[in-house]
There are 2 protein chains.
Amino acid sequence: MGFKKVYSYNLGHEAGVSAEQIRKDFSHFKITGNKKGGYEIDGVLDKLNFIFRKNELQKVIIVGMGNIGRALSHYECGFTERRQYIVAGFDIDPVKIRKTYNVPVYHMHSMDEYIRTNNIQIAIMAVPFISAQEVCTFLVEAGIKGIMNFSPVLLQVPEDVIVNNINLCDELEIVIYTAVNSYTFNENMINNLTSQEIQGARE
Amino acid sequence: MGFKKVYSYNLGHEAGVSAEQIRKDFSHFKITGNKKGGYEIDGVLDKLNFIFRKNELQKVIIVGMGNIGRALSHYECGFTERRQYIVAGFDIDPVKIRKTYNVPVYHMHSMDEYIRTNNIQIAIMAVPFISAQEVCTFLVEAGIKGIMNFSPVLLQVPEDVIVNNINLCDELEIVIYTAVNSYTFNENMINNLTSQEIQGARE
DNA sequence: TAGATTGTTAATCGATTAACAATC
DNA sequence: TAGATTGTTAATCGATTAACAATC
């Protein structure tokens with residue numbers, strides 16, 4: 001944008017955090033500025049890109065091409081900006097495999113070989129509840145080190161494997177709970193719960 | 001499952017949190033158990049349903065019927081289990097409006113009236129970055145109290161409106177960063193960054 | 001009764017915020 | 001120089017964990 005320098009205050013405001021937070025985080029990664037002049041924008045970007053490995057191409061697979069899996073495969077623009085590439089999708093349903101998406105979709109039978117051949121480390125799991133743990137174990141054995149998990153299951157993984165759980169139902173519930181209760185709920189409501197009301201809640 | 005009682009240890013194990021956490025949370029909501037006998041499963045469920053307003057039908061709209069919006073509209077099964085109902089979708093693209101989804105899709109022109117008529121309080125926003133704030137302001141003025149936001153924008157809202165930001169790119173980035181760096185990254189790397197390496201990162 | 005489990009208080013931990021010396 | 005901003009240390013805050021008395 002033509003600017004060369006930026007202050008912790010600016011960055012904090014943009015990111016929605018405090019200026020102190022920015023300075024502390026930068027300090028942690030040895031990103032230094034000038035006592036008066038703030039931070040050099042180009043230098044900061046370079047270092048951040050390095051830290052977040054933006055110089056490397058991140059290959060990611062999607063396992064389970066249901067609604068969420070499909071949406072993510074089309075979400076490519078967002079990911080590619082950050083050099084995160086969805087390189088393939090996998091499913092057990094032959095119908096989904098025949099369909100054409102932004103990414104090639106293969107049968108799960110070939111997943112193990114694909115992961116090993118292409119040295120894939122990151123997977124997005126969007127499979128049904130019932131098969132989630134099984135798929136997860138399979139992925140880990142094939143060499144996956146990080147999983148973004150959309151299934152509402154607490155996956156059991158070795159401690160060197162990272163799982164990031166995303167539960168959209170929970171997230172929606174949090175919004176509803178916080179927004180609706182913020183103006184109708186008070187602590188005493190639970191105290192005063194009569195058995196009739198509880199019974200009502202049950203129906 | 002035939003069981004009548006449950007202990008804080010059981011619940012914690014299932015939920016992936018400590019038994020103390022369970023007891024503390026239950027205590028906060030005045031959910032009481034027996035010193036020896038643990039918690040009565042039915043009673044706990046009833047109270048939780050009441051607290052989370054599961055007895056009420058939660059009407060939710062989706063704004064922006066792109067990939068994510070569409071996926072969420074099909075995601076109905078997950079939401080309906082919790083009595084969260086996606087009742088309508090909105091978009092400005094006539095093509096999307098004509099298509100048939102699990103939910104009726106209307107033009108945004110009719111959104112204000114729909115929200116007011118049906119007393120909608122919760123919206124899922126999955127619109128492009130560029131129009132996110134505008135749509136948000138519109139929703140708030142129409143009476144929306146809680147927003148699940150998929151756009152990578154820090155929405156400006158009055159303080160009585162709840163926003164839950166979900167950024168799938170960020171979530172994926174977190175997995176990649178944590179998983180890949182956990183075995184290759186060490187603090188000194190940044191210290192020792194030569195200008196050549198940084199230049200390399202830039203390309 | 002003895003053992004097990006709750007409910008709550010105290011201790012710990014980590015993360016955020018405040019403060020301020022260093023200095024450009 | 002004076003003012004502004006960094007970088008770091010200290011203080012605060014909240015959330016998690018530990019501990020344990022109460023008691024079924």
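Everything numeric in this text was worked out from a predicted model, so none of it was measured. Residue numbers begin at 1 in each chain, while the letters A, B, ... track the order of the sequences.
Not one side-chain nitrogen or oxygen of B/S27 sits closer than 4.0 Å to the OP1 or OP2 atom of C/dG7. Within the structure, every side-chain polar atom (N or O) of A/S8 is placed at least 4.0 Å from both OP1 and OP2 of D/dT5.
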Which donor-acceptor pairs under 3.5 Å do side chains of residues 31-41 of chain A form with protein atoms, sequence neighbours excluded?
none

What pairs of donor and acceptor atoms, side-chain ones from residues 130-139 of chain A against any protein atom, are under 3.5 angstrom apart with sequence neighbours left out?
residue: A/S131; atom: OG; partner: A/P128; partner atom: O; Å: 3.4
residue: A/Q133; atom: OE1; partner: A/Q156; partner atom: N; Å: 2.8
residue: A/Q133; atom: NE2; partner: A/T137; partner atom: OG1; Å: 3.1
residue: A/Q133; atom: NE2; partner: A/Q156; partner atom: O; Å: 3.2
residue: A/T137; atom: OG1; partner: A/Q133; partner atom: O; Å: 2.9

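Sequence neighbours left out, the pairs with a member in residues 114-131 of chain B that pass salt bridge (charged side-chain N to carboxylate O under 4.0 Å, His left out) are B/D112-B/R116. Residues in residues 7-16 of chain A take part in no salt bridge (charged side-chain N to carboxylate O under 4.0 Å, His left out) pair, two or more places apart or across chains.
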I'd like to compare against my own output: the B/S/- annotation of nucleotides 19-24 of chain C with a strict under-4.0 Å heavy-atom distance to protein.
B--BBB

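Judged by closest nucleotide on DNA chain D, A/G38 is the one of B/V17 and A/G38 placed further toward the 5' end.
Residues passing the side chain to side chain contact (heavy atoms under 4.5 Å, CB included) test with B/D91 are B/M65, B/D93, B/K96, sequence neighbours excluded. Under the side chain to side chain contact (heavy atoms under 4.5 Å, CB included) criterion, A/Q21 pairs with A/V17, A/S18, A/D25, not counting sequence neighbours. With sequence neighbours excluded, the residues satisfying side-chain hydrogen bond (donor to acceptor under 3.5 Å, both in side chains) with B/E171 are A/N164. With sequence neighbours left out, A/V87 forms a side chain to side chain contact (heavy atoms under 4.5 Å, CB included) with A/K59, A/I61, A/Y85, A/Y114, A/I120. Here A/I92 pairs with A/H107, A/M108 under the side chain to side chain contact (heavy atoms under 4.5 Å, CB included) rule; sequence neighbours left out.
Summarising the geometry, the separation between CD1 on A/I31 and P on D/dT8 is reported as 13 Å, rounded to the nearest angstrom. Atom pair A/D25:CG and C/dT17:P shows a separation of 12 Å (rounding to whole Å applied). Atom CZ of B/F29 is separated from atom P of C/dT6 by 18 Å (rounded to the nearest Å). A/Y7 has its OH atom 13 Å from the P atom of D/dG7, to the nearest Å.
Put simply, CZ on B/F52 and CD1 on A/I176 are 11.0 Å apart, with the number rounded to the nearest 0.5 Å.
Ranking C/dT6, D/dT6, C/dT8 by closeness to the B/Y39 side chain, first place goes to C/dT6.
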Report all interatomic pairs (protein N or O, nucleotide N or O of nucleotides 11-16 of chain D) with separations under 3.5 Å.
residue: D/dT16; atom: O5'; partner: B/Q21; partner atom: NE2; Å: 3.4

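Using a 4.5 Å heavy-atom cutoff, the side chains of A/D160 and A/K145 are in contact.
Residue contacts shown for B/F26 are absent, as no nucleic acid heavy atom lies under 4.0 Å away.
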Counting Watson-Crick and G-U wobble pairs with both distances under 3.5 Å, what is the dot-bracket string for DNA chain D, 5' to 3', using [ ] for crossing pairs and | for pairs to another strand?
..||||||||||||||||||||||

